[in-house]
Amino acid sequence: MEIKVIGEGCEKCDKLYGNTLLAIEELGLDAKIEKVEDLMDIVRLGVMTTPSVMVDGKLIISGRVPKVKDIVKLLS
């Protein structure tokens, strides 16, 4: 599983990254997680709203910071 947390390094983006790491740990997933902060990379991914999360190329979270339990539900 490849997970990308997308955002330009703002406080909300950092919070989403942390929550995503906790969710992965809670689920015991073997996932590669990447933080995408470069604006050109974000545009190339087609993301218009940050913070966002992509799993295997599919956008599952956009423009919000869900709680860890909500991310767990999305990833299971």
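Positions are given from 1, in the same order as the sequence printed here. Computed over heavy atoms, backbone and side chain alike; hydrogens, waters and symmetry mates excluded. Values in this document were obtained by computation on a predicted structure and should not be read as measured data.
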Taking the side chain as every heavy atom from C-beta outward, state whether Asp56 and Met1 have any pair of such atoms under 4.5 Å apart.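 Answer yes - side chains close enough.
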Evaluate the side-chain proximity of Leu16 to Pro66: yes if any heavy-atom separation is below 4.5 Å, no if none is.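 The answer is yes; the side chains approach within 4.5 Å.
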Using the rule that two of Ile, Leu, Val, Met, Phe, Trp, Tyr join whenever any of their side-chain heavy atoms come within less than 4.5 Å, decide whether Ile61 and Leu59 are in one cluster.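 Ile61 does not cluster with Leu59.
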Shared ILVMFWY cluster between Val36 and Ile33, side chains joined below 4.5 angstrom?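 Each belongs to a different hydrophobic cluster.
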Are more than 12 heavy atoms from other residues, nucleotides or ligands located less than 6.0 Å from atom CD of Glu25?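 Atom CD in Glu25 is not packed in, count stays at 12 or less.
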Would you name the heavy atoms of [X] and [Y] that are closest together and state the gap between them?
| X | Y | value |
| --- | --- | --- |
| Glu37 | Ile42 | O-CD1, 4.0 Å |
| Val5 | Cys13 | CG1-O, 4.2 Å |
| Val65 | Lys15 | CG1-CG, 3.6 Å |

Say you draw a straight line from [atom1] of [X] to [atom2] of [Y]; how long is it, rounded to the nearest 0.5 Å?
| X | Y | atom1 | atom2 | result |
| --- | --- | --- | --- | --- |
| Ile6 | Glu34 | CD1 | CD | 8.5 Å |
| Glu8 | Asp38 | CD | CG | 9.0 Å |
| Leu27 | Leu75 | CG | CG | 6.0 Å |

Taking distance alone, no hydrogens or angles, what donor-acceptor pairs closer than 3.5 Å link side-chain atoms of residues 44-55 to residues at least two apart or in another chain?
unit_1	atom_1	unit_2	atom_2	d
Arg44	NH1	Asp41	OD1	2.6
Ser52	OG	Thr49	O	2.4

